[in-house]
Amino acid sequence: MYRCAKCNEPIRNVNALGLQCEKCGSKIFFKERPNVKKVLKSD
Ligand SMILES: [Zn+2]
């Protein structure tokens, strides 16, 4: 799962050229980690 770095829109479509935000056309993304729960164990 990727999100647009500009408008934070989730990227769902991947075309032949790669990823592109369908909202703003940006090609800069960051990877979204799904449901990352940080559990700190101290034991
Ligand atoms: Zn965008």
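Note that ligands are numbered from 1 as they come in the structure, with each ligand's atoms numbered from 1 the same way. Computed from heavy atoms alone, side chains included, the values below leave out hydrogens, waters and symmetry copies.
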Colleague: Looking at OG of Ser26 and CD of Glu22, how far apart are the two atoms once the value is rounded to the nearest 0.5 Å?
Modeller: 12.5 Å
Colleague: Atom CD1 of Ile11 and atom NZ of Lys23: how far apart are they, to the nearest 0.5 Å?
Modeller: 10.5 Å
Colleague: May I ask you to list the protein N, O or S atoms found at less than 2.8 Å from the Zn ion (ligand 1)?
Modeller: Cys4 SG, Cys7 SG, Cys21 SG, Cys24 SG
Colleague: Using distance only, find each side-chain donor-acceptor pair of residues 3-10 under 3.5 Å and give its atom names and separation, not counting sequence neighbours.
Modeller:
from	atom 1	to	atom 2	distance (Å)
Arg3	NE	Glu32	OE2	2.3
Arg3	NH1	Asn8	O	2.7

